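Below is one structure, written out as structure tokens; the observations come after it.
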Protein chains: 2
Amino acid sequence: MIETIQEAAGHLDAATLLERARKRDAQIDRATVYRTLELLKKLRLINELDLMHLTGRKHFYEAKTTVDQVHLACFQCGRIEEVTSPLFDRLKTEISRQNSFQIREVRLEAGGLCKACSARNGKTDGIREKAGALVAPNRQ
Amino acid sequence: MIETIQEAAGHLDAATLLERARKRDAQIDRATVYRTLELLKKLRLINELDLMHLTGRKHFYEAKTTVDQVHLACFQCGRIEEVTSPLFDRLKTEISRQNSFQIREVRLEAGGLCKACSARNGKTDGIREKAGALVAPNRQ
DNA sequence: ATAACTGCAAATCTTTTGCTTACAG
DNA sequence: CTGTAAGCAAAAGATTTGCAGTTAT
């Protein structure tokens, strides 16, 4: 299953994962998917994300990479961008040291407007942005 | 309800919130709580957190403060610490600028071992830490 | 009168569990 | 044998929705 997660470009929720896993092995069960996800989480091979709750209560999974990614979720178009920043590591170190907290896992997510959507909106609709953007974002 | 959230020291999930809200107004319904939370989210008066999924699939709510807090969740004792760091703001600015992404909301959570738990564990149990810590954290 | 809000009950969706069988060491 | 993994079906938990009755504007 970890392969299925790895070869997926984006972020998968359990249902999609089940679907894909079934293409390989037709009679796999939901329970197996969830149990495997649980296992992979414990082994720290995958990350569990919420992507700013754009899509409600679902959890998403991705294979862990060497550098921690920041996830940017666009409230308007629903797209998820993954970016990195050297400052992120410094921040982790600082937080860890200042609070004597051994960080084993971090998650940094931001929600807002992606470049394309800001551009598309133009400069005159701060109001619309405030009122409507969170209401019905497209699904990713 | 925002008051109930504000006066609560910690982070409340919907169920607890309902319970507390009922102390004020006995026949409040779940639906009202969820609908109000939805509203407060849209108005950006509250944050919705997952606290590293320590407690499964629940969402937690807290009144928004002026500075963004970092949430540290201890995998062992389940305690949540809130800390701030000036670097966090710099990181936000950097990410926003480098990706032309208008950040409207950020969430930074970390999971690991709090000071007390690291101390309690001593220095000899890296193994136990690896294998057992995620299994059954106490509830907060 | 009209729009927004609420309770209530039922539905939905996601995730978890108990039980039983299959399988590997 | 003996413990681990898997399917299946059912349960559980959290959140959402439709509807009808109220309240506020």
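On a predicted model such as this, the values are computed, not experimentally measured, just so you know. Every chain is numbered from 1 and lettered A, B, ... according to where its sequence line falls, protein lines coming before strand lines.
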State whether the side chain of B:Glu109 and the backbone N or O of B:Met52 hold a donor-acceptor pair below 3.5 Å, judged by distance alone.
yes
Nearest-Å distance, CG (A:Leu51) to C1' (C:dT14)?
16 Å
Could you state the CD-P distance from A:Gln27 to D:dA9, rounded to the nearest angstrom?
13 Å
Summary of protein contacts for nucleotides 12-25 of chain D, nucleotide by nucleotide, where a base hit scores B, a sugar-phosphate-only hit scores S (4.0 Å, heavy atoms)
-SSBBBB-------
How many whole angstroms separate atom CG of A:Asp25 from atom P of D:dC8?
10 Å
Just how far, in rounded Å, is P of D:dA5 from CG of A:Leu43?
10 Å
Between the side chains of A:Ser118 and B:Gln102, is a donor N or O closer than 3.5 angstrom to an acceptor N or O?
yes
Side-chain donor-acceptor pair under 3.5 Å between B:Asp13 and B:Thr16, yes or no?
yes
Separation of D:dA5 C1' from A:Ile28 CD1 (nearest whole Å)
11 Å
Identify the residue among A:Glu48, A:His11, A:Lys41 that makes a side-chain hydrogen bond (donor to acceptor under 3.5 Å, both in side chains) with A:Tyr61.
A:Glu48
In whole angstrom, what separates A:Leu12's CG from C:dT15's P?
13 Å
In whole angstrom, what separates B:His53's NE2 from C:dT15's P?
10 Å
Between the main-chain N or O of A:His53 and the side-chain N or O of A:Asp50, is there a donor-acceptor pair closer than 3.5 Å?
no
Residue pair A:Glu105 / A:Asn47, side-chain donor-acceptor N/O under 3.5 Å:
no
Whole-Å distance, A:Arg24 CZ to D:dA6 P, equals 15 Å
